Amino acid sequence: MTTIDKSADVVAGRGRAGGADRAVRRDLGVVNALSHGFLLLWGALTVLPLLWMFLSSFKSNAEILADPWGLPGELRLDNWTRAWTSAHIGRYFLNSTIVVTGSVALTMLMGATAAYVFARYEFRGRQLAYYLFVGGLMFPVFLALVPLFFVVRNAGLFGTWTGLVLVYAAYSLPFTVFFLTAFFRTLPTSVAEAALVDGCGHFRLFFRVMLPMARPGMISVAIFNFLSHWNQFLLPQVLLQGDDSKWMLAQGLAALSVSQGYAGDYAQLFAGLSIAVVPVLLVYVAFQRHVQSGLTAGQLK
């Protein structure tokens, strides 16, 4: 084959390769456009109802019925005041804050301790105990409502915040242990070994060395548990029957939606819903970077 023929083959090969690259880039462009379009649609479906709810909370009932999609004529903050006081949303908000704070703290303490032991220590039955913990992820809460009701009642904790805190923590432990076990395994072993050589005991090693190193993962799991506990409705509805002074925020909102649906005070209802949503949005905005860093740090060594 002559030099000219070889050059022609090289040019032809480059042309075919260039055509294949352009086809790949074109396919990737189509995929990116579809994915971005889907994300924009999903974002609109999520943000627009929340925005409409907040705007409606500042309207009068007449404005909501006459022009549901319009802007409020003025900011009627008295809707929020009436929802906080007359609808007892303030009391339910405080109840939920107390219970969720206690349940998240208990979940993180017990979950982090168990996850650290599963990740760092070898003992007989470790895998079995770990799989028993993680197996709790497969069982929805609906399957255990009836036996859970009798267990809590027989323990004398029915209708109490203590019983609800313990149930919240129990149902959050499987996810917490599963996530934090993988996270503790990514932490450097050399740091723990150096601390033990320097005379640090296992108790101090966990609380003074390993737990601060696991801060990104702890924050991520704590936020997920907070959102789950804050939005929980079924468990409080079953375990906190009767005395409405102990109700959680979700129970109060359900009762408010029924009562105001008949009374026609939709402005107060939207104000109550907005009060319930605000803490969730604030927590997400404040800790968004911590959640992302925690989820990615748990996958890297």
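Quick note: numbers below take in every heavy atom, side chains included, and nothing from hydrogens, waters or symmetry partners. Quick caveat, the model's predicted, so the values are computed rather than measured.
- In the hydrophobic clustering of ILVMFWY residues, with side-chain heavy atoms under 4.5 Å counting as a link, Val280 and Phe54 come out together.
- Not counting sequence neighbours, the partners of Asn61 by the side chain to side chain donor-acceptor pair (under 3.5 Å) test are Asp265.
- Enclosure of atom CZ in Phe123 by more than 12 non-hydrogen atoms of other residues, nucleotides or ligands within 6.0 angstrom is indicated.
- The aromatic rings of Phe175 and Phe224 stand perpendicular to each other, their planes meeting at an angle above 60°, with 30° marking the opposite boundary.
- Rounded to the nearest 0.5 Å, atoms CZ (Phe58) and CD1 (Ile64) are 11.5 Å apart.
- The CG atom of Leu51 lies 9.0 Å from the OG atom of Ser56; values are rounded to the nearest 0.5 Å.
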Side chain to side chain contact (heavy atoms under 4.5 Å, CB included) between Leu253 and Ile89, worked out: CA-CA 8 Å; Leu253 289 175; Ile89 295 299; 3.9 Å; yes

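- The two residues Phe183 and Ala214 come nearest to each other via the heavy atoms CE2-CA, 3.4 Å.
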Show, in sequence, the C-alpha distance, side-chain angles and deciding distance for Tyr168 and Thr107, and conclude whether the side chain to side chain contact (heavy atoms under 4.5 Å, CB included) test is met. CA-CA 8 Å; Tyr168 278 0; Thr107 301; 5.8 Å; no

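- Taken to the nearest 0.5 Å, the CE atom of Met53 stands 4.0 Å off from the OG atom of Ser274.
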Please walk me through it: do Asn225 and Val100 pass side chain to side chain contact (heavy atoms under 4.5 Å, CB included)? CA-CA 9 Å; Asn225 287 331; Val100 170; over 6 Å; no

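- Smallest separation of non-hydrogen atoms from Phe133 and Ala114: CZ-CB, 4.4 Å.
- Checked against a 6.0 Å centroid threshold, the rings of Tyr266 and Phe270 do not count as neighbours.
- Under the 30°/60° scheme for interplanar angles, the aromatic rings of Tyr92 and His88 are found to stand perpendicular.
- With sequence neighbours excluded, the residues satisfying side chain to side chain donor-acceptor pair (under 3.5 Å) with Ser86 are Gln268.
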I would like to know whether Leu239 and Leu157 meet side chain to side chain contact (heavy atoms under 4.5 Å, CB included); could you show each step before the answer? CA-CA 9 Å; Leu239 302 178; Leu157 299 175; over 6 Å; no

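- A side-chain donor from one of Trp80 and Ser57 sits under 3.5 Å from a side-chain acceptor of the other.
- Distance alone, capped at 3.5 Å, places no donor-acceptor pair between the Thr181 side chain and the Phe178 backbone.
- In this structure, Phe142 is a member of the same hydrophobic cluster as Leu240, with clusters built from ILVMFWY side-chain heavy atoms closer than 4.5 Å.
- Under the 4.5 Å side-chain heavy-atom criterion for grouping Ile, Leu, Val, Met, Phe, Trp and Tyr, Leu256 is not connected to Phe233 through any hydrophobic cluster.
- Between atom CD1 of residue Ile275 and atom CG of residue Leu249 there is a gap of 8.5 Å, rounded to the nearest 0.5 Å.
- The side chain to side chain donor-acceptor pair (under 3.5 Å) test applied to Ser172 returns His229, not counting sequence neighbours.
- Side-chain contact between Leu164 and Met248 is present, with at least one heavy-atom pair separated by less than 4.5 Å.
- Closest heavy-atom contact between Ala195 and Leu205: CB-CD1, 3.7 Å.
- The 12-atom threshold is exceeded at CE of Met213, counting heavy atoms of other residues, nucleotides or ligands nearer than 6.0 Å.
- In this structure, Leu166 and Leu106 have side chains that are in contact, with non-hydrogen atoms separated by less than 4.5 Å.
- Leu40 and Leu34 fall into different hydrophobic clusters, defined by Ile, Leu, Val, Met, Phe, Trp and Tyr side-chain heavy atoms under 4.5 Å apart, directly or through other members.
- Summarising the geometry of Arg82 relative to Ala267, their closest heavy-atom pair is NH2-CB, 4.4 Å, with the distance given to 0.1 Å.
- Atom CZ of Arg185 is separated from atom CG of Leu187 by 12.0 Å, given to the nearest 0.5 angstrom.
- With Trp230 contributing its side chain and Ala276 its backbone, the two residues share a donor-acceptor pair below 3.5 Å.
- Contact between Gly73 and Glu63 at its shortest, heavy atoms only, is N-OE2, 3.1 Å.
- Between Ala192 and Met210, the shortest heavy-atom contact is CB-SD, 4.0 Å.
- Here the side chains of Thr189 and Arg120 are in contact, with some heavy-atom distance below 4.5 Å.
- For Thr46, there are no side chain to side chain donor-acceptor pair (under 3.5 Å) partners at least two apart in sequence or on another chain.
- With Lys59 contributing its side chain and Asp67 its backbone, the two residues share a donor-acceptor pair below 3.5 Å.
- Under the ring-ring contact (aromatic ring centres under 6.0 Å, His included) criterion, Trp84 pairs with Phe93, not counting sequence neighbours.
- Residue Arg126 places its CZ atom among more than 12 non-hydrogen atoms of other residues, nucleotides or ligands, all under 6.0 Å distant.
- For the pair Leu180/Met108, a side-chain contact is recorded, criterion being any heavy-atom separation below 4.5 Å from C-beta on.
- Atoms OG and CZ, on Ser103 and Phe226 in that order, are 9.5 Å from each other to the nearest 0.5 Å.
- Hydrophobic clustering (side-chain heavy atoms under 4.5 Å, transitive across Ile, Leu, Val, Met, Phe, Trp, Tyr) keeps Leu71 apart from Leu50.
- Every residue two or more places apart in sequence or in another chain that forms a ring-ring contact (aromatic ring centres under 6.0 Å, His included) with Tyr121 is listed here: Tyr116, His202.
- Counting non-hydrogen atoms of other residues, nucleotides and ligands closer than 6.0 Å to CZ of Phe139 gives a total of 12 or fewer.
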